[in-house]
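In this text the structure is predicted, and so the values were computed from the model without any measurement. Lettering follows sequence order; numbering is per chain, from 1.
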2 protein chains.
Amino acid sequence: MVKIGDVAREAGVSVATVSRTLNGQSSVDPQLASRVREAAARLGYRPNGVARNLRRKATDLLALIIADVANPFFTAITRGVEDVARSRGFSVLLCNSDEDPGKESTYLRVAEQQRVAGVILSPHRDGSDIGDLRRAGVPTVIVDRPLTEPVDSVMVRSREGARAATDHLIDAGWRRPACITGPEDAWTAQERLEGYLSAVREHGEMDELWVRGPFRQQGGTSGAARLLDAPKPPDALLVANAQMALGVLEEVRRRGLRVGIDIGLITFDEAPWTSFVEPPMSVVAQPAYDIGAQAAQLLMDRIAGSAPAEPRHLQLSTMLVVRASSRRQAPR
Amino acid sequence: MVKIGDVAREAGVSVATVSRTLNGQSSVDPQLASRVREAAARLGYRPNGVARNLRRKATDLLALIIADVANPFFTAITRGVEDVARSRGFSVLLCNSDEDPGKESTYLRVAEQQRVAGVILSPHRDGSDIGDLRRAGVPTVIVDRPLTEPVDSVMVRSREGARAATDHLIDAGWRRPACITGPEDAWTAQERLEGYLSAVREHGEMDELWVRGPFRQQGGTSGAARLLDAPKPPDALLVANAQMALGVLEEVRRRGLRVGIDIGLITFDEAPWTSFVEPPMSVVAQPAYDIGAQAAQLLMDRIAGSAPAEPRHLQLSTMLVVRASSRRQAPR
DNA sequence: TTGTATGCGTTATCAC
DNA sequence: GTGATAACGCATACAA
């Protein structure tokens, strides 16, 4: 492996000059500079990033710690993070925590040990301990779920989205909208439920119909089943996430209910399939890519030191996308 | 930032003893060892991974260079890689090349400079130059698309999958199956087309019907349109990727054709939506997660030096998943 | 502008 | 079993 000294010898200069040249310092004689560059090219020199990082006491690595990159919501966040990171010369370490506090803290430790320049974290259910990170002075941005610690964050106005979706269901003529949300310890589940409740309460004379379940397909299936088995079942459903929505769809079809006629449907998350099911599914779209991009931006500012001392909290809005599943057609 | 010397002083031992203790060397007096561990905990010591990497001349970082993590096929590969990497104590650097030779070579250089322990690469269309990597002795595994260089690889028997799918269409009673495949310079597109062609030729007396398009939704739309506008249009379609399949579905519906009755459909890739469209879509499932997991496994073996000198080539099989879209129902 | 020399925080080699 | 010390490859303070 050729190192800086080899290049220096080849070019007949000192290592300092090689270093300066390759790091684009202006104070190098153009003549020498080109001799250095030629020598480096001739020898196929590749600077050792590890040594450089050690000396500079800084890396150009970002850690992205999320539940699961296979969840389309996080996939989009990941893409957003990676795009702005790359544009600023940073690379991203991908960490799937699977909502497992153990894996999460392992990754947090890895991030700290590898001296990453910053961390973007979607904390698990029960809150996460980023105390070590903060003590170590590692810039951090929280996404999707809040943390009590005073750090930068990027969130989505879930509650407002749920509320708008519920209002829409009612406006469309559905009389008994219900909500299928996530587990109690999931903040986003709570937010979405509250959005639903506030809409229903405001309309008055409407029953509050809701159930919880895991944020997975099966959670949707069983949630729908429980609601539909009730003596006075709902006639429309707001589902808190796309994976659950697939389960709901399954259950609804199993019962022979016609979406848009017998039952109205709307779900959180613009998954790739939503506009291709029959009928197309209305959604509360979350700006997932932007969450990632903005979080990365915040982080870069923080790393560059060009951020205010106090933490900044970004709140992105959802977008209501109305398709056929939530429009009420008269039964034939 | 507390360093190893601080811990040594706190524990009243030498840095060597601290290092040995924290790296789990057995040859340390248990008494001293616990004193060291206590001191480290008391001080909140975090080993500096960068310094360690420099000294050891090795990192526990893997670079994963793929076209786009947002493509479900690559998402699954990514998850597979990350899982086995983590289980072996490695982290993964996520790199989206977007099929752009420029981005790809940038990432290749980053990987080399950061002295990653290994690289998993899905080369872009026109072939990729991993010469530098090989010269630098960086273990590399190629996935999804071949490269002439003699390195480890994990591929899918695309051709056989396409052939099985075409055979299935014919067996199901479709008389004029066609193929919508990707661009000429995409190896997988070629393989899938050839699989289709071999099936059709073997059956004899059948027209070879096929078109190419970009591996995107729009490619499916326009491909389907061109085929269906022909004087003698096909009655069934084999589509080379899931994103194209969405486009095909769109076009087919636009024309009022009933899937499974007027036209048979089957596509490559088990995307999350395939079983939820109406009617459920038959697919040629690729073992994407396994591709990633196996590639990572191969790479780890190579890194550990426990791999044979000659490159190993894994070939994973596809799985035909027959759903309603490719079964032929009599028109009502 | 250029060169020399020091140190970044570890691990590992060598004596003891 | 333990400790002193020399690398690892680079960036930079300082001297020239």
Side-chain angles (χ1 to χ4, degrees), chain A residues 1-37 39-40 43-61 89 109-110 112-117 136-138, chain B residues 1-37 39-40 43-61 89 109-110 112-117 136-138:
Chain A
M1 191 93 285
V2 24
K3 39 198 168 192
I4 201 171
D6 303 328
V7 178
R9 197 173 324 112
E10 175 83 8
V13 297
S14 74
V15 291
T17 299
V18 176
S19 175
R20 285 194 275 252
T21 303
L22 269 30
N23 288 309
Q25 305 230 354
S26 47
S27 67
V28 178
D29 184 294
Q31 190 100 27
L32 281 194
S34 64
R35 241 167 58 205
V36 167
R37 269 186 281 273
L43 268 45
Y45 171 66
R46 288 282 179 276
N48 183 324
V50 179
R52 160 183 304 198
N53 290 343
L54 175 60
R55 173 63 226 234
R56 284 194 174 158
K57 289 170 166 293
T59 64
D60 38 16
L61 245 187
R109 205 176 47 246
V110 168
E112 194 181 341
Q113 297 200 174
Q114 291 306 315
R115 301 299 193 261
V116 300
V138 181
Chain B
M1 193 93 284
V2 24
K3 37 199 168 190
I4 201 169
D6 302 328
V7 178
R9 197 172 326 112
E10 175 84 7
V13 299
S14 73
V15 292
T17 300
V18 176
S19 177
R20 281 193 277 254
T21 304
L22 269 29
N23 289 307
Q25 304 231 357
S26 49
S27 67
V28 179
D29 183 292
Q31 190 99 26
L32 281 193
S34 64
R35 242 169 56 205
V36 167
R37 267 186 284 271
L43 270 43
Y45 171 66
R46 289 281 181 277
N48 184 323
V50 178
R52 161 182 301 196
N53 291 341
L54 175 59
R55 175 60 231 230
R56 283 192 174 160
K57 288 169 165 295
T59 65
D60 38 17
L61 247 188
R109 203 175 48 244
V110 169
E112 193 180 343
Q113 297 200 173
Q114 291 306 315
R115 303 298 195 259
V116 300
V138 181

**Prompt:** Just checking A:Val28: base, sugar-phosphate only, or nothing, at a heavy-atom cut-off of under 4.0 Å?
**Reply:** sugar-phosphate
**Request:** May I ask you to say what A:Val13 touches in the nucleic acid, namely base, sugar-phosphate or nothing, with a heavy-atom cut-off under 4.0 Å?
**Result:** sugar-phosphate
**Prompt:** If you look at every heavy atom in B:Val116 and B:Thr59, which pair is closest and at what distance?
**Reply:** CA-OG1, 3.5 Å
**Request:** Quick one: which residue pairs count as a side-chain hydrogen bond (donor to acceptor under 3.5 Å, both in side chains) with a foot in residues 25-37 of chain A, not counting sequence neighbours?
**Result:** none
**Fill in**
So the contacted stretch of DNA chain C, first to last nucleotide with an atom under 4.0 Å from a non-hydrogen atom of chain A, runs from C:dT1 to C:dG9
**Request:** Flag the pair A:Arg115 / A:Lys57 as yes when at least one side-chain heavy-atom distance between them is below 4.5 Å, and no otherwise.
**Result:** no
**Asked** Is there a salt bridge (charged side-chain N to carboxylate O under 4.0 Å, His left out) between B:Asp6 and B:Arg9 once you walk through the steps?
**Response** CA-CA 5 Å; B:Asp6 302 328; B:Arg9 197 172 326 112; 3.6 Å; yes
**Prompt:** Just checking A:Thr17: base, sugar-phosphate only, or nothing, at a heavy-atom cut-off of under 4.0 Å?
**Reply:** sugar-phosphate
**Request:** Mind listing the residues from residues 52-61 of chain A sitting with a heavy atom below 4.0 Å of DNA chain C? Number order is fine.
**Result:** A:Leu54, A:Arg55, A:Lys57
**Request:** By nearest nucleotide on DNA chain C, pick out whichever of B:Arg46 and A:Ser26 is the more 5' one.
**Result:** A:Ser26
**Request:** Mind checking the CD-CG spacing from A:Gln114 to A:Asn53? Nearest 0.5 Å is all I need.
**Result:** 9.5 Å
**Message:** Under the rule for side chain to side chain contact (heavy atoms under 4.5 Å, CB included), what residues qualify as partners of B:Ala136, not counting sequence neighbours?
**Reply:** A:Met1, B:Glu112, B:Val138
**Prompt:** Rounded to whole angstroms, how far apart are CG on B:Leu32 and P on D:dG1?
**Reply:** 11 Å
**Asked** Under a 4.5 Å cut-off applied to non-hydrogen side-chain atoms, are A:Arg52 and A:Asn23 in contact?
**Response** yes
**Prompt:** For DNA chain D, whose closest nucleotide is more 5', that of B:Ser14 or that of A:Ala51?
**Reply:** B:Ser14
**Gap separating the CG atom of A:Leu43 from the CD1 atom of A:Ile4, nearest 0.5 angstrom** = 12.5 Å
**Residue closer to the 5' end of DNA chain D, A:Lys3 versus A:Val15 (nearest nucleotide)** = A:Lys3
**Request:** Can you see which heavy atom on A:Leu22 is nearest to which on A:Tyr45, and at what distance?
**Result:** CD2-CE2, 3.4 Å
**Request:** Could you check how far CZ of B:Arg20 sits from P of D:dG3, rounded to whole Å?
**Result:** 8 Å
**Complete:** To the nearest angstrom, the CE-C1' distance between A:Met1 and D:dC8 comes to 14 Å
**Request:** Only counting residues at least two apart or in another chain, list the ones meeting side chain to side chain contact (heavy atoms under 4.5 Å, CB included) with B:Ala39.
**Result:** B:Val7, B:Glu10, B:Ala11, B:Arg42
**Nearest-angstrom distance from the residue atom CG of A:Leu22 to C1' of D:dG9** = 13 Å
**Request:** Estimate the overall bend of the helix from C:dT1-D:dA16 to C:dC16-D:dG1 from the end axes over five pairs each, rounded to 10 degrees.
**Result:** 40°
**Item:** A:Arg9 CZ - D:dC10 P separation (whole Å)
**Value:** 12 Å
**Closest approach of B:Gly5 to B:Val15 (non-hydrogen atoms, all atoms of both residues)** = CA-CG1, 3.8 Å
**Message:** What is the separation between atom CG on B:Asn48 and atom P on D:dC8, rounded to the nearest whole Å?
**Reply:** 18 Å
